[in-house]
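This report concerns only the one structure given below.
So you know, we letter chains A, B, ... as the sequences are listed, proteins then strands, and number each from 1.
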2 protein chains.
Amino acid sequence: MRKIDVCPTPELLHLYNLENKIAVIVDVFRATSCMTTAFAHGIEKIIPVAQIEECKVLQEQGYLAAAERNAMKVEGFDLDNSPFSYMKPDLTGRTLAMTTTNGTLALTKSKSAQQVLIGSFLNRKAITDYLLTQPYDVLVVCAGWKGKYNLEDTLFAGAVVCSLKNEFAIEDDAALAANMIYDAAKYNMIKFIAHSSHVRRLARLNLTRDIEFCLREDLYNVVPILRNGALVKM
Amino acid sequence: MRKIDVCPTPELLHLYNLENKIAVIVDVFRATSCMTTAFAHGIEKIIPVAQIEECKVLQEQGYLAAAERNAMKVEGFDLDNSPFSYMKPDLTGRTLAMTTTNGTLALTKSKSAQQVLIGSFLNRKAITDYLLTQPYDVLVVCAGWKGKYNLEDTLFAGAVVCSLKNEFAIEDDAALAANMIYDAAKYNMIKFIAHSSHVRRLARLNLTRDIEFCLREDLYNVVPILRNGALVKM
C-alpha cells in the first residue's frame, strides 16, 4: 500500500526520505495559492528562487518578478503575494520569477523528490486526483512560518490525507494529527483559523479578502509540477 | 498577560527563545511519566544524561541507572523505561542516572530556560497549578520521536494549554493546534491515540499496560524541577 505522510515545517525536512516520493508543497497563505491562481490564468512558467537578489537578476533579464517578505511586496518588484494579482490577462504566456518568505524555501528544499507538486485548497482535488493515479508515496511539505508549525498548511495537509486515506496508509503522527485537525475544521475553516498567527498577521494588513479566497476549495483544475528547476502546468 | 506556547519537537527548539520562560518537558511514553512516578515513590534525585556512556559511568560510581533506546532497556542497566519499575520501595532516597531516546535530549536542550519542569499526564494538575503561581511565560517542549512530531506529547501540551488559557495568551499555532487536538481527544485518549506510531510501537512490545497508565491524569502531586543539572522534587 502506498503511504502518505506530512512534514510540518521545512525545518524538519532532513528527517524525511524524499526518494521515490511525490512532495506536495503547500503555503496556503499565500505562495502556493498564488502559483495555482497564476497557472489557472495563463502563466506559462514560474521560476522559484530562494533569495531576493536572484529574483532581481531574473527581473533584469526580462522576466516578470514577484518578491514577498513578511507578507509584504518587496519594493521594485512587479507583483505581490496576493492571488488577485495573478488574475490579469496580460500574464498569459509569461514566465515569472518568484521568491516568498516560506513557500519557495520549502520548494527548494524538496527538489530531490521523485516529483514536486504545488498544492493549495484552490487545486486540492486536481492534486489528490493526480496522486491517486501515481505509484509513489506522498509527503505533504508544509511551508510553515519561518521554520515554525502553522495551522493553515496543516489544514491543507489534513485535507490531502483525508482524500487519500482509503488508498494510502497514514505513515506517522504528523499526518494523523493533520487529518484530525482538518476533520474538526472542515465545515468552517475561516472561523477555525481566525486565531491563527498568520490570519492575525494578514488581517492587520487588511488582507482578509486574500484569506477567504485562499481557503476556497477546488476552484482550479491545475497541477503545477517542478521540471528542470521551474514550475509548469502538467 | 503571560504567554503559553508549544515546541512540537526538540529539533525546532532553536527557533524559540527560552529566556525568562518556564520550559515544561514532556515525553508521555514514557520518560517523563517514569520520572514523575519515581519522585512520587521516593526517589530523591534524577540525573538526566544524553548518552548511554555517561549513564554507565554514573552507574559505576554507584548510582542507580536507567537506559532506554528504541523503547527497550539497554543491557546492563538497573531499570527500564516502564513507570511500574519505579514503584519499588527500595528506590526511596536513591539517586538515579537516566538516559532515554527522546526525553532526556529534550531536557538537555532546554536547560537555559528560567526553570525546567517535568510534565506528564500523571502530574498534570500539579504542574499547571504551579505554573499559575509563577510570573513567567511557559513553553511546553514535546520530546517527539527522533526529532519528529508525535501525538501523545502534543496531547499533553494541549492539556496544559487548555488548563492555562484563561490566564495565559496562546502565543502561536502549535499551541492552538495542540489545544484543538486535546479537546477532540480528552474524553477517550486511549482510543484516540490507538493508531499513533508510538502506541503501535509499544503494543508490539506488549506494553499496553504502560500506555494506559501513562494516560491517567492527576495521579501524583509532584513537580519535578531541574536544579544544578539534576531533577529534584519541588
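Only the side chain of A:L176 comes within less than 4.5 Å of a heavy atom in chain B; its backbone stays farther off. Of the two parts of B:A184, neither the backbone nor the side chain holds a non-hydrogen atom closer than 4.5 Å to a non-hydrogen atom of chain A. Within the 4.5 angstrom heavy-atom criterion, only side-chain atoms of B:T9, from C-beta onward, approach chain A. Both the backbone and the side chain of B:L15 come within contact range of chain A, each with at least one heavy atom under 4.5 Å from a heavy atom of that chain.
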Using the side chain to side chain contact (heavy atoms under 4.5 Å, CB included) rule, take B:E11 and A:H14 through it: C-alpha gap first, then chi angles, then the decisive distance, then the call.
CA-CA 10 Å; B:E11 202 74 17; A:H14 60 284; 2.7 Å; yes

For the pair A:L12 and B:K148, evaluate side chain to side chain contact (heavy atoms under 4.5 Å, CB included) and give the outcome as yes or no after the intermediate values.
CA-CA 7 Å; A:L12 296 176; B:K148 286 188 180 175; over 6 Å; no

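The local environment of NZ in B:K125 is sparse, with at most 12 non-hydrogen atoms from other residues, nucleotides or ligands closer than 6.0 Å. Heavy-atom contacts from other residues, nucleotides or ligands closer than 6.0 Å to NZ of A:K111 number 12 or fewer. The neighbour count for A:K3 NZ, taken as heavy atoms of other residues, nucleotides or ligands under 6.0 Å away, does not exceed 12. Environment of CZ in B:R216: sparse, with no more than 12 heavy atoms of neighbouring residues, nucleotides or ligands closer than 6.0 Å. Around the CZ atom of A:R200, the shell of radius 6.0 Å holds more than 12 heavy atoms that belong to other residues, nucleotides or ligands. Residue B:R69 qualifies as enclosed at atom CZ: its count of foreign heavy atoms under 6.0 Å is above 12.
Judged by distance alone, the side chain of B:D173 and the main-chain N or O of A:S196 form no donor-acceptor pair under 3.5 Å.
Of all heavy-atom pairs between A:Y149 and B:A177, the closest is OH-CB, 3.2 Å.
Distance check: B:D5 CG to A:S197 OG gives 9.5 Å after rounding to the nearest 0.5 Å.
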